[in-house]
Amino acid sequence: MGVISQDVRSGAKPDRNLALELVRVTEAAALAAARWVGRGDKEAADGAAVDAMRLLINTIPMDGVVVIGEGEKDEAPMLYNGEEIGDGSPPHVDIAVDPLEGTRLCAQGRPGALAVIALAEKGAMFDPGPCVYMEKLAGGPEIADCLSLEIPIGDVVKRVADKRGVSPTEITTVILDRERHAEGVRQIREAGSRIRFITDGDVSAALLAVTEGTGVDMLWGIGGTPEGVISAAAIKCLGGQILGRLWPRDDGERKAAEEAGYEIERVLTVDDLVGGNDAFFAASGVTDGDLLQGVRYHPGEYATTESLVMRSRSGTVRRVSGRHDQKKLREVTDGLYG
């Protein structure tokens with residue numbers, strides 16, 4: 001369980017840049033969620049993003065299955081794990097969605113909320129099964145060979161500093177601010193290195209870690225397994241490495257994973273998390289962040305979005321700016337975008 005299926009090497013494969021169509025989906029989710037920025041209602045913001053994403057995603061010519069979604073069918077009325085989406089025509093693909101990464105960021109009006117979608121060949125995406133969390137370590141291509149989850153994180157920081165020819169004081173690791181990271185934080189500080197704490201949003205943090213000029217060298221910590229798979233799709237496009245190791249929350253989750261055939265101690269690479277040679281990724285900003293500008297309104301006229309659109313086969317990364325006529329959007333979506 002949890003390995004790449006033989007389906008990756010069979011059946012119809014993507015032969016066009018689906019990310020250019022997926023960006024319409026993330027733009028729609030971002031525009032819908034942005035109406036809830038700072039209003040303190042995470043569920044409403046997420047629900048608006050899901051509804052908008054669902055409206056657009058089934059118009060795309062593909063035969064897709066949601067591998068990473070909003071939860072199981074009984075818990076999530078839309079975009080649930082195992083749901084079939086698209087118009088049913090080839091190619092056959094796996095889909096990972098996070099209609100609103102950073103629901104709390106959006107609800108509190110904080111930076112870094114995104115609408116995200118990733119796509120890969122059928123059978124290519126790692127199915128995390130019962131494991132909600134994994135330990136993750138990510139960095140760009142020039143330090144990929146320095147990354148390891150089998151040595152202390154403080155030693156990894158020193159490796160990266162040596163590779164870059166700098167002091168550890170010049171290396172920055174982005175980490176979710178959680179009590180479970182206390183020992184790793186101690187090790188990094190003991191190594192003399194810097195930390196940037198975030199409250200939420202480790203897909204955007206992974207993008208920071210593998211993008212030049214952001215001031216972030218690595219992502220480390222225990223976060224969502226679904227976000228790890230989505231991040232892997234982006235990293236296949238951008239270059240670099242993400243390592244992951246499942247992190248059961250309790251004995252019951254560990255037992256369920258082991259009975260399902262998962263190797264808990266196995267270190268997964270970017271190619272284990274997203275296999276095949278053709279992955280696609282699109283993200284649109286909901287609130288302003290380090291990588292993307294959030295939705296901005298020009299009263300009574302239009303809204304603007306900024307998105308990243310990527311494909312691994314070509315290595316193409318596009319930054320897409322969109323202008324959306326608010327009146328026309330309301331007309332064609334029955335007021336979904338406010």
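Treat the numbers as computed from the prediction; the structure is a model and nothing was measured. Both backbone and side-chain heavy atoms feed into the values below; hydrogens, waters and symmetry mates do not.
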Counting only heavy atoms not in Arg245, do more than 12 fall under 6.0 Å of its CZ? yes
So for atom CG, which belongs to Asp251, do other residues, nucleotides or ligands contribute more than 12 heavy atoms lying within a distance under 6.0 Å? no
One pair to check against side chain to side chain donor-acceptor pair (under 3.5 Å): Arg296 and Thr304. What are the steps and the verdict? CA-CA 5 Å; Arg296 295 189 180 179; Thr304 57; 6.0 Å; no
Should the ring pair Phe126 and Tyr262 be called parallel, tilted or perpendicular, given that the plane angle runs from 0 to 90° and is split at 30 and 60? perpendicular
[Y]/[X] salt bridge by N-O under 4.0 Å criterion:
X      : Y      : answer
Asp272 : Arg266 : yes
Asp278 : Lys236 : no
Arg24  : Glu27  : no
Lys163 : Asp217 : no

Under the criterion side chain to side chain donor-acceptor pair (under 3.5 Å), I'd like the reasoning laid out for Thr269 against Asp271: C-alpha separation, chi angles, the key distance, then a yes or no. CA-CA 5 Å; Thr269 68; Asp271 290 324; 5.0 Å; no
Residues 38-45 side chain polar contacts: donor-acceptor under 3.5 Å, at least two apart:
{"unit_1": "Arg39", "atom_1": "NH1", "unit_2": "Arg35", "atom_2": "O", "d": "2.9"}
{"unit_1": "Asp41", "atom_1": "OD1", "unit_2": "Glu43", "atom_2": "N", "d": "3.3"}
{"unit_1": "Asp41", "atom_1": "OD1", "unit_2": "Ala44", "atom_2": "N", "d": "3.0"}

To the closest 0.5 Å, what do you measure between CG (Leu56) and CD1 (Ile85)? 11.5 Å
Rounded to the nearest 0.5 Å, how far does CG of Leu18 lie from CZ of Arg311? 7.5 Å
Going only through I, L, V, M, F, W and Y residues with side-chain contacts under 4.5 Å, is there a path from Leu208 to Val160? no
